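Working notes for the structure below.
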Number of protein chains: 2
Amino acid sequence: MFSKACEYGIKATIYIAVKSMRQERVSLKEIAEEVNSPVAFTAKILQSLAKSGIIDSHKGPTGGFQIEEAKIDTIKLHDIVHAIDGDKIFVGCGLGLEQCDANQPCPVHDKFVGIRNNLKVMLQNTSLYELATGLDIGLTHLKR
Amino acid sequence: MFSKACEYGIKATIYIAVKSMRQERVSLKEIAEEVNSPVAFTAKILQSLAKSGIIDSHKGPTGGFQIEEAKIDTIKLHDIVHAIDGDKIFVGCGLGLEQCDANQPCPVHDKFVGIRNNLKVMLQNTSLYELATGLDIGLTHLKR
DNA sequence: TTTATTTAGGATAATTTTGTCCGAAATAAA
DNA sequence: TTTATTTCGGACAAAATTATCCTAAATAAA
């Protein structure tokens with residue numbers, strides 16, 4: 001469903017959010033360890049999340065990644081996915097047709113649009129805050 | 001959502017079904033033209049669909065692909081996807097965790113399971129017959 | 001039986017995605 | 001100012017997916 005990049009990006013962002021709620025910055029190294037992702041690849045993903053303004057990065061000793069606390073409940077899962085994978089999972093025909101819409105639909109058009117809309121709504125309604133809170137109170141986990 | 005292989009496979013199967021409802025076999029060449037897919041790659045996919053028993057293949061002149069007519073409305077979209085992509089879109093954690101279930105869920109577990117179940121139900125309830133009929137009566141299309 | 005046609009299947013290539021490496025730039029602390 | 005630490009960013013490598021090519025096998029018709 002999601003690309004590996006997206007999986008790592010979501011996990012990393014949730015972990016950063018938990019730490020940010022305690023006013024802590026976290027290093028790339030710590031993130032990669034805690035979410036069980038390849039360090040260098042994770043660095044690339046965090047870079048693009050930083051460029052998108054979702055996370056804040058800081059170089060040097062005491063540097064690392066953090067999320068502005070006020071942002072944590074305005075950021076939605078949708079934003080993270082969009083920053084990493086772009087809109088490719090939200091647009092386009094389910095069977096890869098260039099011309100496919102309600103007027104000239106592919107055979108699976110309606111059903112596909114339905115499912116994808118479910119996904120979109122879910123992503124738009126899921127806040128980083130709720131994901132981070134669930135992790136923080138031990139309801140969910142990120143490793144293994 | 002689906003792999004390219006799956007997209008081609010679904011389109012090809014629907015096209016073969018339409019022809020089969022008229023008791024006609026179709027050649028690889030015709031299929032690839034009609035569904036706008038790379039010939040040789042499509043050949044591989046049809047091969048695996050034949051091995052799965054979803055389509056029937058026949059060599060030699062007047063050969064080609066066909067689907068047993070009685071099968072057309074028992075075959076579901078689910079079967080086609082499963083034959084090509086296996087169960088990877090139906091199982092596994094949304095964030096790639098090895099251990100993720102209701103007892104020890106990842107942060108998106110519940111929401112992800114919900115969406116994926118929608119998808120699964122849709123695929124299981126969509127028959128090849130309805131897809132082929134829609135194409136046959138010109139309600140839907142496969143090219144471009 | 002020969003020939004033409006069509007799928008099967010193995011080898012190989014191109015592209016995309018995933019992942020690594022390393023020096024540069026920034027920056028905090030000694 | 002020097003040093004240690006950390007992210008940035010470009011180049012490179014590995015793996016997976018997508019796609020091509022070619023010969024073999026099957027088979028129908030001449």
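Each chain gets a letter, A, B and so on, in the order the sequences are listed, and its residues count up from 1. On a predicted model such as this, the values are computed, not experimentally measured, just so you know.
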Take atom [atom1] of [X] and atom [atom2] of [N], then tell me their distance rounded to the nearest Å.
X: B:I84; N: D:dA16; atom1: CD1; atom2: P; result: 20 Å
X: A:L46; N: C:dT18; atom1: CG; atom2: P; result: 15 Å
X: A:I55; N: D:dT7; atom1: CD1; atom2: C1'; result: 11 Å
X: B:K59; N: D:dA24; atom1: NZ; atom2: P; result: 13 Å
X: B:L28; N: C:dT5; atom1: CG; atom2: P; result: 15 Å

Side-chain-base donor-acceptor pair under 3.5 Å for B:K51 and C:dG9: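 No.
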Between B:H78 and B:F90 (judged by ring centroids, cut-off 6.0 Å), do the two rings come close enough to count as a pair?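 That pair passes the under 6.0 Å test.
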What's B:K29 touching, base or sugar-phosphate or nothing? Going by heavy atoms closer than 4.0 Å.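 Since no nucleic acid heavy atom lies under 4.0 Å of B:K29, the category is nothing.
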Between B:K44 and B:V26, which has a closest nucleotide on DNA chain C that is more 5'?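 Counting from the 5' end, the first nearest nucleotide belongs to B:V26.
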Starting at the 5' end of DNA chain C, which residue's closest nucleotide do you reach first, B:G64 or A:G60?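 This one resolves to B:G64.
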Give a yes/no answer on whether the side chain of A:T62 brings an N or O atom under 4.0 Å of OP1 or OP2 in C:dA29.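 Checking A:T62 against C:dA29: no side-chain N or O falls below 4.0 Å of OP1 or OP2.
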Give none if C:dA4 has no partner; otherwise give the nucleotide forming a Watson-Crick or G-U wobble pair with it, both distances under 3.5 Å.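 Pairing partner, where one exists within any strand: D:dT27.
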Do the side chains of A:E33 and A:K143 get close enough for a salt bridge, i.e. N-O under 4.0 angstrom?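 Not counted as a salt bridge, because no side-chain N and carboxylate O are separated by less than 4.0 Å.
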Under a 4.0 Å threshold between the charged nitrogen and the carboxylate oxygen, would B:K111 count as salt-bridged to A:E130?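 Looking at B:K111 together with A:E130, the answer is yes, because their closest N to O distance falls below 4.0 Å.
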Could you check A:E34 against A:K11 for salt bridge (Lys or Arg N to Asp or Glu O under 4.0 Å), going step by step and ending with a plain yes or no? CA-CA 9 Å; A:E34 292 301 318; A:K11 292 195 287 183; over 6 Å; no
Nearest-neighbour nucleotide for the B:H58 side chain, D:dA19, D:dT6, D:dA28 considered: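 Shortest atom-to-atom distance from the side chain points to D:dA28.
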